Amino acid sequence: MKKVILLILAISASIIATISYLYMANKANYEMAQRQNVQYESYYQQEIYGSDLATLINKAVDDNNKNEVAKTQKGKYIENTTNSIRIDIKFTDDNTIHAMEEIYNGGISTFIQYYNQIKFKCTRNRVS
């Protein structure tokens, strides 16, 4: 009888430990996402240079890779509401919009070479 009670207690303890671990991991992930959102939101309505935009693109790509965000066949990150980051850049001289993946894949160093001292402005905040 004692063995059965000890077995039940051990199983109960492991279930409680597992639930606690999952809760704490989820809470830590949520808090990290909130901190990242604050960082990205700090650019809203701000003017930044092309070199800073290149840094922001590198960070967004890195964060998407860390969060294991899926990509389409064309290599663009699939936007979701939980952990993906998307940056679209509109060039006003020819009124075209380019996704961050295009600039990243085309070479950040080339982008910096041409747009280092050009100012960009975040005009729309897509964070929910």
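Heavy atoms only: backbone and side chains are in, while hydrogens, waters and symmetry mates are out. As the structure is a computational prediction, the values presented were derived from the model and not from experiment.
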Hey, is the main chain of Tyr115 close enough, under 3.5 Å, to the side chain of Tyr49 for a donor-acceptor pair?
-> no
Would you name the heavy atoms of Ile85 and Ala60 that are closest together and state the gap between them?
-> CG2-CB, 3.7 Å
If you measure from CE on Met1 to CG on Leu6, what distance do you get to the nearest 0.5 Å?
-> 11.0 Å
Between Asn64 and Val69, is there a donor-acceptor pair closer than 3.5 Å when you use the side chain of the first and the backbone of the second?
-> no
Where do Ser84 and Ile78 come nearest, in terms of heavy atoms and distance?
-> CB-O, 3.8 Å
How would you list all residue pairs meeting salt bridge (charged side-chain N to carboxylate O under 4.0 Å, His left out) that involve residues 108-123, not counting sequence neighbours?
-> Glu47-Lys119
Is there side-chain contact between Ile57 and Ile89, with at least one heavy-atom pair below 4.5 Å?
-> yes
What orientation do Phe91 and Phe120 show, parallel under 30°, tilted 30 to 60°, or perpendicular over 60°?
-> perpendicular
Other residues, nucleotides, ligands: >12 heavy atoms within 6.0 Å of Tyr30 OH | no
Starting at CD1 of Ile87, measure out to CG of Leu53 and round the result to the nearest 0.5 Å.
-> 6.5 Å
From OG (Ser51) to CG (Asn116), nearest 0.5 Å | 4.5 Å
Separation between OH of Tyr114 and OG of Ser109, rounded to the nearest 0.5 Å = 10.5 Å
Show me the donor-acceptor pairs within less than 3.5 Å that the side chains of residues 97-107 make with the rest of the protein, sequence neighbours left out.
residue: His98; atom: ND1; partner: Glu102; partner atom: OE1; Å: 2.9
residue: His98; atom: NE2; partner: Thr96; partner atom: OG1; Å: 3.1
residue: Glu101; atom: OE2; partner: Tyr77; partner atom: N; Å: 3.0
residue: Glu102; atom: OE2; partner: Ala99; partner atom: N; Å: 3.4
residue: Asn105; atom: ND2; partner: Glu101; partner atom: O; Å: 3.1

Would you kindly say whether Asp52 and Tyr43 are connected by a side-chain donor-acceptor distance under 3.5 Å?
-> no
How does the hydrophobic cluster around Ile15 look, that is, which other residues are in it when side-chain heavy atoms under 4.5 Å mark a link?
-> Leu7, Ile11, Ile19
Please round to the nearest 0.5 Å and tell me the distance separating atom NZ of Lys66 and atom CD of Gln36.
-> 8.0 Å
Can you measure from CD1 (Ile48) to OG (Ser42) and round to the nearest 0.5 angstrom?
-> 9.0 Å
Atom of Gly75, atom of Lys71 and distance for their closest heavy-atom approach | O-CD, 3.8 Å
Salt-bridge criterion met for Asp88 and Arg86 (N-O under 4.0 Å) | yes
Do Asn58 and Asp62 come within less than 4.5 Å of each other through their side chains, counting heavy atoms only?
-> no
